[in-house]
Undergrad: 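Structure below; questions to follow.
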2 protein chains.
Amino acid sequence: MGTTQLESVPEPKYWHLKTVLSQALDSEFSVGEILPNERDLAARFGVARATLRQALEQLELEGRLQRRRGVGTTVAPPRMGVSLGTGPHVWPGGPDDAWQPVDCTTAVPPAAVAEVLETGPDEPVHIVRRSRVSHGRPVAAELLYVPQFSVPELSGIDAPSGAARARAVLRELQRPALERQENAVELGSAGADDAKELDRLPGAPVLVVTTRFVAAGRTAALSVATYRADTCRLTFGDAGGVEIHAGPQRKAS
Amino acid sequence: MGTTQLESVPEPKYWHLKTVLSQALDSEFSVGEILPNERDLAARFGVARATLRQALEQLELEGRLQRRRGVGTTVAPPRMGVSLGTGPHVWPGGPDDAWQPVDCTTAVPPAAVAEVLETGPDEPVHIVRRSRVSHGRPVAAELLYVPQFSVPELSGIDAPSGAARARAVLRELQRPALERQENAVELGSAGADDAKELDRLPGAPVLVVTTRFVAAGRTAALSVATYRADTCRLTFGDAGGVEIHAGPQRKAS
DNA sequence: AAGTGGTCTAGACCACATA
DNA sequence: ATGTGGTCTAGACCACTTC
């Protein structure tokens, strides 16, 4: 009769919507193309705008879409591989360094950082701000904490702050020999500062990479770098990483 | 609590709310404690429930909260460090293997996987499902794609499917010598299958780790593992990783 | 000025866990 | 049966970019 069929597993609308849109992106759109605006899309699919947005949000999280306020929603290119390196070659300011110093201040670090650095709770350290650009786009913002003892030769004659001082600190940091490094990756959301540097809104998802550089048996520096989670695929190991993306899936026929 | 007035730069409500809640979590709550329900919290802060939820969502993304339907919202423990390893010791089924085989089927992999494995577009491979448990909690679900040529000695007499066959495949996979491995980490959202295995809802944020195992100059196996982004901090390198969490921040005074 | 995505509201109903 | 978080709606206004 007129009764609706019993849905044993009622899939959420936004979930189904995401699937439909994902397939449409594969078959009917090309990279960089702009989608219809959210109000039109919502009307076309017969859902509220909030529901449509929930689907778009997920697709953006997966790196399939890029949304910019005042502009529109575009189809994102595949994520770019960003190498983090694991060997002993990646030392701040070293040969393969992809980072660009931005600024440098001297201040007391957060308690959690001071603990790792084994500095006193009120002992100031050098805080170098660096940014990483790849393929012409900003991909990461970093705070590099350098304790005073790691750069003993740092002359006060150098610039007291700014990019010049950042370079001076990095230069001095290269003197001791690197013993090892440790990496950790976790999910986070961009703070106001990082968001601005990454050209994203605050709260944007980021991959937080914390790296501890050890020299002479002590933590010589601590790096906290936030990578844009929407555009980056972090690669480790010997080569550039594996190219695995969802892409158009084949259906059993 | 007290209302805060700022008009110069209209900070989004949910952003401010997130900050307030974050501080409250540090000072007034302990791990495992349950928060008031969303309707009460929204009323207490004088916002709509949707706005309150936007703040909770971010805090959950950052691993500060854990929300379970029908139960409530609790304060999450610090993320657990999960070692991925980088040395040549981590081979599926090897000594330090933290994975538990669940199932095994033989099927044609997605096109993107077949390309990396250098198998024909219609050539079936072994697909081993494994799960990883840490501290009594499921942390990752994996699909391990093993081409036929990597396990030539696999006897048809072994179990045709199920956990028994998974173990057989892993056993045979250990014969060739590992040359190197490549890792990549990116953000994704859990599919229906993974979500169930990870005890999360579909769409939950996950860290997708793809690992290519190379032996005899060829890709011997490809692993696509999804880690719970809310509870896991992936660690690389020699040791257990760095313990950096936001924690109570001190304010400049 | 017009159009876009971002934020916010005040409801409603549903799925799930627990008692 | 009750209470929780999850989904959904139909609006409104705001911040930003572009024309």
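Chain letters run A, B, ... following the sequence lines, proteins first and then strands; every chain starts at 1.
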Undergrad: When you measure from the side chain of B/E38, which nucleotide among D/dG6, C/dG5, D/dT9 comes out closest?
TA: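 The answer is D/dG6.
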Undergrad: Would you kindly give the NZ-to-P distance between A/K13 and D/dG6, to the nearest whole Å?
TA: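 Computing the A/K13:NZ to D/dG6:P distance gives 19 Å.
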Undergrad: Tell me the interatomic distance from B/R69, atom CZ, to C/dC13, atom C1', rounded to whole angstroms.
TA: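 Those two atoms, CZ and C1', are 13 Å apart.
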Undergrad: Would you indicate what A/L56 reaches in the nucleic acid, counting non-hydrogen atoms under 4.0 angstrom: base, sugar-phosphate, or nothing?
TA: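 Counting heavy atoms under 4.0 Å across all strands, no contact is made by A/L56.
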Undergrad: Give me the one residue out of B/D193, B/D194, B/V209 that meets side-chain contact (heavy atoms from CB on, under 4.5 Å) with B/T226.
TA: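 Only one of B/D193, B/D194, B/V209 forms a side-chain contact (heavy atoms from CB on, under 4.5 Å) with B/T226, namely B/D194.
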Undergrad: Sort out for me which residue in B/L56, B/L21, B/D230 forms a side-chain contact (heavy atoms from CB on, under 4.5 Å) with B/L65.
TA: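 In the set B/L56, B/L21, B/D230, the residue that makes a side-chain contact (heavy atoms from CB on, under 4.5 Å) with B/L65 is B/L56.
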Undergrad: Output yes when at least one side-chain N/O atom of B/R68 is less than 4.0 Å from OP1 or OP2 of C/dC16, else no.
TA: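 B/R68 to C/dC16 OP1/OP2: no side-chain N or O under 4.0 Å.
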Undergrad: In whole Å, what is the span from the CD1 atom of B/I34 to the P atom of D/dG5?
TA: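 Distance check: B/I34 CD1 to D/dG5 P gives 9 Å.
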Undergrad: Could you tell me whether the side chain of A/L222 reaches within less than 4.5 Å of the side chain of A/T211, counting heavy atoms only?
TA: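 When only atoms from C-beta onward are counted, A/L222 and A/T211 do not touch, as no gap falls below 4.5 Å.
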Undergrad: Over how many whole Å does the gap from B/E57 atom CD to D/dT7 atom P extend?
TA: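 Rounded to the whole Å, the gap is 9 Å.
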Undergrad: For A/L201 and D/dA15, give me the distance from atom CG to atom P, rounded to whole Å.
TA: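 To the nearest whole Å, that distance equals 13 Å.
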Undergrad: Answer yes or no: does a side-chain N or O of A/R53 lie under 4.0 Å from OP1 or OP2 of C/dG6?
TA: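 Result: yes.
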Undergrad: If you count every heavy atom of other residues, nucleotides or ligands that lies below 6.0 Å from B/D40 atom CG, does the total exceed 12?
TA: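 It does: B/D40 CG has more than 12 such atoms within range.
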Undergrad: With a 4.0 Å cutoff (strictly under), does any side-chain N or O of B/T73 reach OP1 or OP2 of D/dG5?
TA: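 Answer is yes, contact under 4.0 Å.
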Undergrad: Rounded to the Å, how far apart are A/L65 CG and C/dG6 P?
TA: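 After rounding, the gap between these two atoms is 11 Å.
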Undergrad: Is it true that, when you exclude A/Q66 itself, more than 12 heavy atoms of the residues, nucleotides or ligands shown sit nearer than 6.0 Å to its CD?
TA: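 More than 12 within 6.0 Å, yes.
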Undergrad: From C/dT7, D/dT9, D/dT17, pick the nucleotide closest to the side chain of A/V71?
TA: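 Taking heavy atoms from C-beta onward, the closest nucleotide is D/dT17.
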Undergrad: Could you work out which one of D/dG5, D/dC8, C/dC8 sits closest to the side chain of A/Q54?
TA: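 That would be D/dC8.
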Undergrad: Does atom CD of B/E33 have more than 12 heavy-atom neighbours from other groups under 6.0 Å away?
TA: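 It does: B/E33 CD has more than 12 such atoms within range.
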Undergrad: Between the base of D/dG5 and the side chain of B/R39, is there a donor-acceptor distance below 3.5 Å?
TA: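 Such a pair is found, so the answer is yes.
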Undergrad: Just how far, in rounded Å, is P of D/dC8 from CH2 of A/W15?
TA: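 Spelled out: CH2 on A/W15 to P on D/dC8 is 12 Å.
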Undergrad: Consider the side chain of B/R49, meaning its heavy atoms from C-beta on, and name the nucleotide among D/dT9, D/dC16, D/dG5 that approaches it most closely.
TA: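 For the B/R49 side chain, the nearest candidate turns out to be D/dG5.
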Undergrad: So does B/N37 get a side-chain nitrogen or oxygen closer than 4.0 Å to the phosphate oxygens (OP1/OP2) of D/dT4?
TA: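 Answer yes for this pair, as a side-chain N or O of B/N37 is under 4.0 Å from OP1 or OP2.
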Undergrad: Considering only side-chain heavy atoms of A/R67, which listed nucleotide, C/dT7, D/dG5, C/dG6, is closest?
TA: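 Nearest listed nucleotide: C/dG6.
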Undergrad: Compare side-chain N and O positions of A/T51 against OP1 and OP2 of D/dT9 and report whether any pair is under 4.0 Å apart.
TA: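 So the side-chain polar atoms of A/T51 do come within 4.0 Å of the phosphate oxygens OP1 or OP2 of D/dT9, strictly under.
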Undergrad: Round to the nearest Å and state the distance from A/D40 atom CG to C/dT4 atom P.
TA: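 Taking CG of A/D40 and P of C/dT4, I get 7 Å after rounding.
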Undergrad: Just to confirm, is there a sub-4.0 Å distance from OP1 or OP2 of D/dC8 to any side-chain nitrogen or oxygen of A/Y14?
TA: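 For A/Y14, the contact criterion (side-chain N or O under 4.0 Å from OP1 or OP2 of D/dC8) is not met.
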